[in-house]
There are 2 protein chains.
Amino acid sequence: MAQDAGAAPRTRTQTRNRAAILEAGLEVFSEKGFRGATLEEIARRARLSKPNLLYYYPSKEAVHLALLENLLDAWLAPLVALDPAGDPVEEVLLYLRRKLALSRDYPRESRLFAGEILRGAPHLGPVLGGRLATLVADKAAVLRGWMDQGRLARLPPEHLIFSIWALTQHYADFDVQVRAVLGAGRDPYAEAGPFLETLFRRLLAP
Amino acid sequence: MAQDAGAAPRTRTQTRNRAAILEAGLEVFSEKGFRGATLEEIARRARLSKPNLLYYYPSKEAVHLALLENLLDAWLAPLVALDPAGDPVEEVLLYLRRKLALSRDYPRESRLFAGEILRGAPHLGPVLGGRLATLVADKAAVLRGWMDQGRLARLPPEHLIFSIWALTQHYADFDVQVRAVLGAGRDPYAEAGPFLETLFRRLLAP
DNA sequence: CGTGCCTTTGACCATCCGGTCAAATCGCGC
DNA sequence: GCGCGATTTGACCGGATGGTCAAAGGCACG
C-alpha cells in the first residue's frame with residue numbers, strides 16, 4: 001500500500017514515481033488549471049497508467065495539494081531570508097532579485113500559485129491567513145524598524161512587499177502578454193532586472 | 001432566431017437576456033475559470049434555462065468570447081487616453097489612477113482577463129500581438145519622446161507600462177491574498193493609492 | 001522455487017456537462 | 001382573437017473524466 005500521500009516514500013520505485021507524478025502534475029496544472037487538467041494527461045506525462053497514478057495519490061486533489069504544499073517553502077524562502085542584520089536597501093534588493101529569479105527559473109510554479117489565488121485560494125486558503133500573514137507581519141516589522149531608523153524610505157511595509165510580488169510574478173504569470181508586447185528576440189528578464197533594480201533604488205532611498 | 005452573437009439585439013427581450021447572460025457569465029467565469037464554469041450555473045444566475053441560454057449564445061465559448069471582447073475596450077481605454085500633449089509625470093500618474101480604479105471597481109473583469117492570460121491566452125491570443133502590441137508601441141513612443149526631452153526619467157517604456165499593469169491588477173487578481181495579509185478592517189485600495197502614487201513619482205522624476 | 005508483498009493494469013462505472021431537438025408557449029401586429 | 005414568428009423548455013444524447021476493482025505481474029528473500 002502506498003495510499004498515504006503524507007508518508008515518506010520507502011522504496012526507490014515510490015520515490016521515482018511520486019517525483020514523476022509531481023513533475024507531470026506541475027506541468028499540466030500550471031498550464032490548464034485544476035479543472036482543465038485531467039488525470040489521464042498527468043498519468044501519460046508521468047509514463048504511468050491512470051489507476052497506477054491513483055495508487056500513489058488517492059485523488060486529483062491530492063496531487064494538486066501536494067504540489068502547492070511542496071511549493072510553499074521554496075516560494076516563501078526569499079522573504080524568510082530577509083536579514084534584519086543586513087543593510088536595509090541591499091536586503092530588499094536582494095529579496096527582489098531572488099524573487100525575480102524564481103519567476104524566471106520556476107514560471108510553472110508561479111502560474112500554479114497564481115491560478116490557486118485567482119480562484120480564491122480554495123485549497124490553501126487557511127495558509128494565507130496563517131503562515132503567510134504571520135511571515136509578512138514579521139518582516140513588515142523589520143522593514144518598519146529600518147524606516148524608524150531612517151535607513152529606508154517610510155512606506156507601508158506590506159504594500160512594499162506586495163509591490164515586489166506583483167512586479168516579479170507578473171513576468172511569469174503574464175508571460176504570453178509580455179512576450180507579445182515586447183516582440184520576439186527580446187529577453188524580458190534581462191530587461192526587467194535593471195529596470196526593477198532602478199525602480200526600487202529610487203523608491204527605497206531614505 | 002437569435003443565434004448570431006455578433007448581431008445587435010433587436011427586441012427588448014434580447015437586450016435584457018443577453019445582458020443577464022453576460023453578467024452571469026462574468027460572475028461565474030471570473031470565479032471558476034473557463035473550464036470550471038458550467039452552462040448550468042451561468043443559466044441559473046441569469047434566470048434562464050440552459051437551452052434558453054444556448055438560444056442566445058451558440059456555445060459556452062461564445063459567451064466567454066463575447067465577455068473578453070466587450071472587456072477589451074474598457075480595459076485599454078486608460079492607456080488610449082494617455083495624452084501626448086499633457087504633462088508627462090501627471091499623464092502617467094493619471095493612467096495609474098485610472099488603472100487602479102478599474103481594479104477596484106471591476107475586479108471580476110480583471111480576474112477574467114488574468115485567467116485568460118495565465119492559461120496562455122487561448123482565446124484572445126491574436127489580439128495580444130495585434131491591437132495590444134500596437135497600442136503599447138504607440139504609447140511607448142510617446143513616453144520615449146518625453147524621456148528624450150528630459151521631462152521623464154529614462155526607463156524602458158514597455159516595462160514602465162508593465163509595472164503599472166502589474167501593480168494595479170495585483171490588487172484585484174490576488175485580492176484574497178492581499179486581504180489575508182492585511183487582515184480584516186483595512187481597505188487595500190485606500191492604502192494602495194497613495195503608496196503607488198509615491199512609488200511612481202519617485203520613479204518618474206527626471 | 002515458492003511465498004508474500006509491492007506494483008501495475010484492463011475493464012468498468014457513475015457522474016457531469018456541453019449541446020440538440022421537437023414541442024409547447026408567448027406576445028405582437030392585424 | 002387569430003396567425004405567426006420569437007422565445008422557452010423538458011427530455012435526451014454522447015463524450016469526457018474521476019475514480020474503483022479484481023486480477024495479473026514482478027521482485028526480494030527464505
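Predicted model, so just to flag it, every value in this text is computed and none were measured. Naming convention: chains lettered A, B, ... in sequence-line order (proteins, then strands); numbering from 1 in each chain.
Judged by distance alone, the side chain of B/Lys50 and the main-chain N or O of B/Arg44 form no donor-acceptor pair under 3.5 Å. In this structure, the side chain of B/Glu91 engages the main chain of B/Asp83 through a donor-acceptor pair within 3.5 Å.
In this model, no donor atom of one side chain and acceptor atom of the other lie less than 3.5 Å apart for A/His170 and B/Gln169. Side chain to side chain, A/His123 and A/Glu61 meet the donor-acceptor criterion of an N or O pair below 3.5 Å.
Ring geometry, B/Phe113 versus B/Trp75: the interplanar angle falls under 30°, so the pair is classed parallel (tilted spans 30 to 60°).
With rounding to the nearest 0.5 Å, the separation of CG in A/Leu26 from CD1 in A/Ile21 is 13.5 Å.
Regarding contacts with the backbone of D/dT7, a side-chain N or O of B/Gln14 is found under 4.0 angstrom from either OP1 or OP2.
In this structure, A/Arg104 fails the cation-pi test against A/Tyr171, since its NZ or CZ atom is not both closer than 6.0 Å to the six-membered ring centre and inside 45 degrees of the ring normal.
In this entry the distance linking CG of A/Asn17 with C1' of C/dT9 reads 14 Å, nearest Å. The distance between atom OH of B/Tyr56 and atom P of C/dT20, rounded to the nearest whole Å, is 17 Å. Here D/dT8 presents its P atom at 14 Å from OH of B/Tyr57, a figure rounded to the nearest Å.
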Please encode protein proximity along nucleotides 24-30 of chain C as a string of B, S and -, counting only heavy-atom distances under 4.0 Å. -------
Within the 4.0 Å limit for protein heavy atoms, which parts of nucleotides 9-27 of chain D are touched? Write it as a string from 5' to 3', B for base, S for sugar-phosphate only, - for none. BBB-----SBBBB------
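Using a 4.0 Å cut-off between a side-chain N of Lys or Arg and a carboxylate O of Asp or Glu, A/Arg111 and A/Glu31 do not qualify as a salt bridge.
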